[in-house]
Every structure is written in C-alpha cells, then in structure tokens.
Amino acid sequence: MRYRTRVTAPATALIGTAAALTLAPSARAEPSAGATAGTPGGESAGDPVFPDLGNSGYQVAAYHLDFAYDATTKLVDAKATLLLRTTQALSRFSLDALGLTIRSVSVAGRAATFEQAGEKLRITPARTLPAGVPVPVCVEYGADPRASLPHTAWVPTPDGFAVCPQPDSAHTVFPCNDHPTDKADFTFRITVPSGLRGVASGTLVKTQQLSGDRTAYTYRSRSPIATELVQITVGDYVVKDRQGPHGLPLRDVVPAARATALEPALALTPNLVQWLEQRLGAYPFETYGLLPCNSDDPAAFDFTGLETQTLTLYKPNFLLQTENKIGSHMMHELVHSYFGNSVSPATWADLWINEGHADFYGLLYRYERGWPDSMGLTTMEARMKATYALGDQWRRDSGPVAAPNAANLFDSQRYLGGVLVLYALRELVGETVFSSIERTFLERHRDSTASTDDYIALASEISGQDLSGFLRDWLYGTKTPRMPNHPDWTVTPAKTALRAPRNRPSGYHDNSATL
C-alpha cells in the first residue's frame, strides 16, 4: 500500500470502542502472590523545558475520548478511557489534568479514589497495580471550553470549538500523560446536535443517528498521536474531500458559510504534498487537510496555523489571501506532518527539529516559486546570509538553538535559527548526503520520537564523518560558528539589550519566516 499504516494486533483489539478497553477477567490488575507493595508513580516526564509535564510509572497504549457537546449550554460532557501499561508496581499514579470537573474514576473496572492537585489528577486504585500489565482507566468529567484558565487548548467558536494543545495544554481537554514521548493510539466519539458536525484527527469510521436529534461521529487514527497534536472540533462544518498524489485522501473541514471563499486555498494542497513527497518521501499518515477554525476573533489563538495531526488548524481569514501570501506557510505546516507529527520531539528542547525543518522547506518552496520573502529576498542564500549576521544576537537573546526555556521556546531562534543549522549542514555535506540524512531520519524514527542527539548521530552515520563537534557548536554554542563555503559571511556583534523582555501569552509561536 502506498501509504503505510501502523496497526498492531493489540492496538486493533483495544482502540475500536471504549468497551474494547475493558480487560478480560484473566487480565485484570490483581496483585500476584508474594508481590511487593507498589509505590506512587512520578509526576514528571523529566522534560527540561516543562519539568512539571507528564508522569511516570506507566505508558499509555490507547485513548478513547467520548465527547458530547451541548449547543445550549456550550459545555462538554466527556469520558476518557485510557489503556495503560504499567512499568512499575503502582500504589498510585497521576494524569495531567487542568480545568476539568472530574466526576468519577475507575481502574480495571473498579472505583478508584482521586484528587486534583494543581495540574495533576492523582488516582489511587482499589488495589496495587503490578508492573507490566495492561490496565484500563476510565475518567468521567465535564469541561467548559470558555473557562478562564492559566493556559488552555480550547478555542471557543460561535457554533462549537476547536482545540490547540501545543505545547502543554492537551490536559485542559482530556486527562492524559501530556508529553510527546508517550504517543498512543486514539479513537474519538463526538456527539453533537444535528446540524453540527464533530471531527477529529484520523479517519471517520462510523456515523450514528441518535435519539434527541443528535449524531455521533467516530474517528480512529491509524498512527499513534502525541497528546499535543490531537484535534477535536465541533461546528457548522462541511467536509470537502479531494484526492492527493498516489490516491492520498485529502479532507478539509470548512465552515459551511465560507466553503466557496476558501476553496482557492484548499485546492493548493495536492501540489504542496506532491512537491514535498519528492524531497521527504511518502506522506506519513492516512489523510491530510485544513481546518479553518470558524472564528474571526484575533485573540482566538496566538498563531496563524497549527499542525494538529492530519488536520492543520488555521485562522480562516489568513487563507483568503493570494497564493504567494499563504503558500509558503501552508508548506511549513505540511512539513510538520513529517517533522513534529510522524517524528515527534523527545523533549521540548528538541523543538528546533520541528520548526527548523518546517521553515527550511517552506522557504525553499517560496524561493522556487519566485516569491520574495518578508525582507524582499528571493534566494535561500541571501536569507541565510542575513540570518547569519544576527546569529550572536539571537544566541544572547534566546539562547542557543537547541537550549530553549519555556519563555523563549517559540522565538525565532527555533525557527530561522534552526534553518541556519540545517543550511550549514547541507553546505558541509552536500545536497545528496543531506537528503539522505533527512529521509533516513524520518524513516528510522517514524511513529516515534527523536532527540537532537539522535539527529546528530544519524547525520554522522550517513555522512561517514563525525559531525558531533560541528553540529554541537551550531546547536549549543554561545557564538555563531563559521559558515561552510562562505568565509566572507560575518556576524554582527551582539548588543547587551537589543530588545526589552516580552510578555507573550503561553504558547505564542508565530515566528515562522514563511509568513
């Protein structure tokens, strides 16, 4: 099959419906004779940027999210069923959760006690969970997409909502192990009043007409999803289907009233996919498309587009512009299907791999089409020379490319700074070797995560030379290294206080050079 899918026998059996996540009696989490007492699981995945995010003591194999949206109250009634596999004997474990009204929790079919503390949902099962067993956990809860929270993934719209979980807000939508390293299979069931449509990441597998003039839509992802890449949306949408290269199904989820106006932008996707496949290989998922969120509120979210898996969330008015204004950024978001979604960051310090690659290919696409960038430049070499001059200043303002913190995570250093690293690597090893590095990296880490060290090691392997010193200088150095093949390029000396500290909302990331 042209577009490969990831389906294992256990996942196929476990993620079809919530009922399928119930263990058979013989598999229930009973302590064995002589088993040692469990200990509480950790409440951190150890991320250097978000140390409070994620949990340990288990991994999530699958999520089944069952949402019911009430158009009158604009509230969501939900049930999240998780299939965990314990990695240690657990007397207690935690999920990430914020702003959710938890009603009940069961573990392996038995009621469990729970408490909400900060952004954690601490769960104490009726019995200690032994190590190495699959355990279903069911959390019933309510959510208000319009709730005021310290940070949120919810995007309220006049007729429903969408979600933008990146980087650390998926747990405002559903209780989860909210870190990219714990990717899992997902199914979604979204019940809405007739006249509205529920859509989620993956493929529509069932539509049910229910009593009370309601419709339930069920979606399943064929590939694992990191929690920060989940998309769930409700609204007055029409789904527009078209075909991409090699028969790839494309689906756009479009506000019904804007479908005609948005069609010129939506029609660009097949050629974008074809261009990128020539450079990075076959598109890695079962479908792709755009979701122009049905909101004109400029504060609805703090970015132009977001790469939720199989659907890119956009501000609709952005897509009403001419192709030369939007095509490069549409390529940026499409690239994230490869770098960021198929291969997710091992930690948030590895974000440059996502954003650097997205801007790299987005800019290449722009210059090949002959569209000047925001600086009026028309070649990658000219843009990189201008960026190179800023290198020391950016390192002073935002830290090295691969050493961000939570405040500067989405600064230009992760975007154009990442492009500059990739450009330097290509200049050093040549176009053919660079292309082999890119494709091998994507193939080797597909449906998983990868770190900066993984990229460095693979680049050294494919090139046949030790590139660790070269790439570490570019990624972690406080001074900008010399650019291969361009001895005449110079770096402008950094000034101590070039800019005042910024007060950006959490998750702000509109620094793409492709805009």
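Just one residue in the list P48, P180, S451 forms a side chain to side chain contact (heavy atoms under 4.5 Å, CB included) with T347, and that residue is P48. The only member of L291, L262, D236 that meets side chain to side chain contact (heavy atoms under 4.5 Å, CB included) when paired with P255 is L262.
In this structure, OG in S169 is found 11.0 Å from CG in D96, a value given to the nearest 0.5 Å. From D241, atom CG reaches atom CG of L250 across 9.0 Å, with rounding to the nearest 0.5 Å.
When all heavy atoms of P292 and L319 are compared, the closest pair comes out as CG-CD1, 3.9 Å. Smallest separation of non-hydrogen atoms from S201 and T310: CA-OG1, 3.6 Å. Contact detail for A200 and I190: the closest heavy-atom pair is CB-CD1, 3.9 Å. For the pair S342 and F285, the tightest heavy-atom approach, listed with the atom from each and the gap, is N-CZ, 3.5 Å. Of all non-hydrogen atoms in S328 and T514, the two that sit nearest each other are OG-CB, 3.2 Å.
R482 and D488 are not joined by a salt bridge, as no carboxylate oxygen comes within less than 4.0 angstrom of a charged side-chain nitrogen. A salt bridge does not link R366 with D373: every distance from a Lys NZ or Arg NE/NH1/NH2 to an Asp or Glu carboxylate oxygen is 4.0 Å or more. Using a 4.0 Å cut-off between charged nitrogen and carboxylate oxygen, D252 and R242 count as a salt-bridge pair. With respect to the salt-bridge test (charged N to carboxylate O, under 4.0 angstrom), the residues R251 and E286 do not qualify. Salt bridge status for K385 with E427: absent, with no side-chain N to carboxylate O gap under 4.0 Å.
A donor-acceptor pair under 3.5 Å is formed between the side chain of N408 and the backbone N or O of S398.
Under the 30°/60° scheme for interplanar angles, the aromatic rings of Y283 and Y338 are found to stand perpendicular. Relative orientation of the W489 and Y423 rings is parallel, given thresholds of 30° and 60° on the angle between their planes. Between Y388 and W474, the two ring planes are tilted [angle within 30° to 60°]. Ring geometry for F67 versus F161: interplanar angle of 30 to 60°, hence tilted. Aromatic ring orientation, Y455 versus F441: perpendicular (interplanar angle above 60°, classes split at 30° and 60°). The aromatic rings of F339 and Y361 lie parallel to each other, with less than 30° between the two planes, well short of the 60° mark.
By the 6.0 Å and 45° rule, K315 stacks over the aromatic ring of F301.
For the residue pair T157/N294, the side-chain donor-acceptor check at 3.5 Å is not satisfied. In the model, K183 has a side-chain atom that pairs as donor or acceptor with a side-chain atom of S344 under 3.5 Å. A donor atom on one side chain and an acceptor atom on the other are not found under 3.5 Å apart for Y365 and H329. Between the side chains of Y288 and Q309, no donor-acceptor pair is found at a separation under 3.5 Å. In this structure, a donor-acceptor pair under 3.5 Å is present between the side chains of T452 and D350. Between the side chains of D454 and H445, no donor N or O sits under 3.5 Å from an acceptor N or O. A side-chain donor from one of T322 and N324 sits under 3.5 Å from a side-chain acceptor of the other.
Side-chain contact between R446 and P284: present, with at least one pair of heavy atoms (C-beta onward) separated by less than 4.5 Å. N511 places none of its side-chain heavy atoms less than 4.5 Å from the side chain of Q413.
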Legend entry - Pair R444-E461, salt bridge (Lys or Arg N to Asp or Glu O under 4.0 Å): steps then yes or no: CA-CA 13 Å; R444 186 167 298 179; E461 174 191 333; 2.8 Å; yes
Inset, instruction - Determine, step by step, whether R279 and E438 satisfy the salt bridge (Lys or Arg N to Asp or Glu O under 4.0 Å) criterion, reporting the C-alpha distance in whole Å, the side-chain angles of both residues, the deciding distance to 0.1 Å, and the verdict. - result: CA-CA 9 Å; R279 288 150 182 83; E438 298 285 271; over 6 Å; no
Inset, instruction - Go through the steps for D359 and R383 under the test salt bridge (Lys or Arg N to Asp or Glu O under 4.0 Å), then give the verdict. - result: CA-CA 12 Å; D359 260 13; R383 187 60 184 268; over 6 Å; no
Legend entry - Full working for side-chain hydrogen bond (donor to acceptor under 3.5 Å, both in side chains) between E355 and H332: CA-CA 8 Å; E355 302 301 347; H332 172 109; 3.2 Å; yes
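When ring centroids are compared, F188 and Y219 stay outside the 6.0 Å threshold.
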